[in-house]
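Input: a single structure, listed below in structure tokens.
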Amino acid sequence: MGDLIPELLRGAQVTAVVALGGSLFALAMALLAGLTRLYGPAPLRWLAFAYIETFRGTSALVQLFWLFFVLPHFGITLAPMAVGIMALGLNVGAYGAEVVRGAIGSVAQGQWEAAAALNLSRAQTLRRIVLPQAFVAMIPPWGNLLIELLKATSLVSLITLSDLAFKAQQLNQNTLRTVEIFGSVLLVYLAMSLLITAGMRSLERRASRGLRRGKVA
């Protein structure tokens with residue numbers, strides 16, 4: 001195992017890069033699509049709706065293959081790492097957009113009315129009053145989505161990326177030490193998931209404390 005672990009760690013590094021990049025892309029897409037669904041002009045609202053339903057209603061594997069194998073037929077060729085990040089980000093971002101929309105909708109209508117009484121614009125109300133409260137409500141479901149994204153990174157091995165799952169399959173074929181290899185892989189994925197869970201819980205506690213201090217003020 002002393003010879004196998006360095007290879008698995010190299011694969012885990014690729015997995016971590018894809019997961020981090022995909023998470024950031026998913027957050028950006030979720031905020032953009034969620035806010036557009038709520039407040040954008042009609043054509044953009046329909047575009048956001050089409051994005052959300054398409055990427056929620058189709059397989060992440062098919063989306064990955066489309067970006068990697070089909071787009072080159074239209075003259076668009078992307079690097080495997082970029083494809084992995086984009087595919088997972090677009091897929092999880094579609095689910096996240098509904099989290100954003102639901103969290104904003106959960107903010108009491110009285111908050112909007114109070115902001116209107118203070119003559120705040122919609123953008124100011126969102127930025128200063130609604131989004132800080134909605135952000136706290138978004139954190140737990142986003143923690144689940146980020147863990148799902150981490151697990152979905154195993155799909156990128158199908159587009160030539162040497163991630164953790166790919167390295168494990170390769171080493172298993174060469175050594176046949178199935179129990180040791182996949183046992184180690186399970187522990188690595190579990191450690192990454194626990195790290196995400198701990199980070200999101202810490203963020204939730206800090207955001208909740210900040211919100212309470214804001215209410216007191």
Exercise. Do L47 and F25 share a hydrophobic cluster, counting only Ile, Leu, Val, Met, Phe, Trp and Tyr and linking them when any side-chain heavy atoms are less than 4.5 Å apart?
Worked result: no

Problem set entry | Note, L158 side chain near F65 side chain (heavy atom, < 4.5 Å) | yes

For this session: Please answer whether the main-chain N or O of S121 pairs with a side-chain N or O of Q124 as donor and acceptor at a distance below 3.5 Å.
Result: yes

Exercise. Cluster question for you: counting only ILVMFWY and a side-chain heavy-atom cut-off of under 4.5 Å, with indirect links fine, are L71 and I159 together?
Worked result: yes

For this session: Indicate yes or no: at least one non-hydrogen side-chain atom of R128 is less than 4.5 angstrom from one of L120.
Result: yes

For this session: Look at the aromatic rings of W66 and F74 and report parallel, tilted or perpendicular, splitting at 30° and 60°.
Result: parallel

Exercise. Going by heavy atoms in the side chains, are L203 and W142 under 4.5 Å from each other?
Worked result: no

Exercise. Do V99 and L145 come close enough that some side-chain heavy atom pair is under 4.5 Å?
Worked result: yes

For this session: Would you kindly confirm whether L35 and M138 end up in one hydrophobic cluster when ILVMFWY residues are joined by side chain heavy atoms under 4.5 Å apart?
Result: yes

For this session: Please report the shortest heavy-atom distance between S154 and S157, naming the atom on each side.
Result: O-OG, 2.9 Å

Seminar exercise, completed: Closest non-hydrogen atoms of G34 and V100, given as atom of the first, atom of the second and distance, are CA-CG1, 4.3 Å

Problem set entry | Distance in Å, T77 OG1 paired with L67 CG, rounded so as to fall on 0.5 Å steps | 12.0 Å

Seminar exercise, completed: On a heavy-atom basis, the closest approach of A87 and L64 is CB-CD1, 3.5 Å

For this session: Keeping the roles fixed (side chain from R37, backbone from A48), state whether a donor-acceptor pair exists under 3.5 Å.
Result: no

Exercise. Do L149 and S23 have side chains that get closer than 4.5 Å, going by heavy atoms?
Worked result: yes

Problem set entry | Min side-chain heavy-atom separation I147-T197 under 4.5 Å | yes

Exercise. Are any of the side-chain heavy atoms of L164 and V14 separated by less than 4.5 Å?
Worked result: no

For this session: Taking atom types as modelled, find out whether Q63 and T58 have a side-chain donor-acceptor pair closer than 3.5 angstrom.
Result: yes

Exercise. Quick one: does Y189's side chain have a donor or acceptor within less than 3.5 Å of a partner on S184's backbone?
Worked result: no

Exercise. Nearest heavy-atom pair of F55 and Y95: which atoms, and what distance?
Worked result: O-CE1, 4.5 Å

For this session: Could you tell me the separation between the CG atom of N174 and the CD atom of Q169, rounded to the nearest 0.5 Å?
Result: 12.0 Å

Exercise. Where the side chain of Q133 meets the backbone of I129, is there a donor-acceptor pair that is under 3.5 Å apart?
Worked result: yes

Exercise. More than 12 non-hydrogen atoms from neighbouring residues, nucleotides or ligands closer than 6.0 Å to CZ on R201, yes or no?
Worked result: no

For this session: State whether the side chain of D163 and the backbone N or O of T15 hold a donor-acceptor pair below 3.5 Å, judged by distance alone.
Result: no

Problem set entry | Between CG on residue L176 and CD1 on residue I181, distance to nearest 0.5 Å | 8.5 Å

For this session: Examine distances only and state if a side-chain atom of T36 and a backbone atom of A33 form a donor-acceptor pair shorter than 3.5 Å.
Result: no

For this session: Please check if L61 and M86 belong to a single hydrophobic cluster, counting links between Ile, Leu, Val, Met, Phe, Trp and Tyr side chain heavy atoms closer than 4.5 Å.
Result: yes

For this session: Verify, without hydrogens or angle tests, whether S202 (side chain) and G199 (backbone) share a donor-acceptor contact under 3.5 angstrom.
Result: no

Problem set entry | Cluster check V18, I196: I/L/V/M/F/W/Y, side chain < 4.5 angstrom | yes

For this session: Measure across L150 and S193 and return the closest heavy-atom pair with its distance rounded to 0.1 Å.
Result: CD2-OG, 3.5 Å

Exercise. Hey, does M29 have a side-chain heavy atom less than 4.5 Å from the side chain of Y51?
Worked result: yes

Seminar exercise, completed: Rounding to 0.5 Å, atoms CD (Q111) and CG (L126) come to a distance of 12.5 Å

Exercise. Taking atom CD of Q13 as the centre, does the number of heavy atoms from other residues, nucleotides or ligands within less than 6.0 Å exceed 12?
Worked result: no

Problem set entry | Distance (rounded to the nearest 0.5 Å) between R101 CZ and S106 OG | 12.0 Å

Problem set entry | G11 to K167 - nearest heavy-atom pair and separation | CA-CG, 3.7 Å

For this session: Mind checking the CD-CG spacing from E180 to L8? Nearest 0.5 Å is all I need.
Result: 11.0 Å

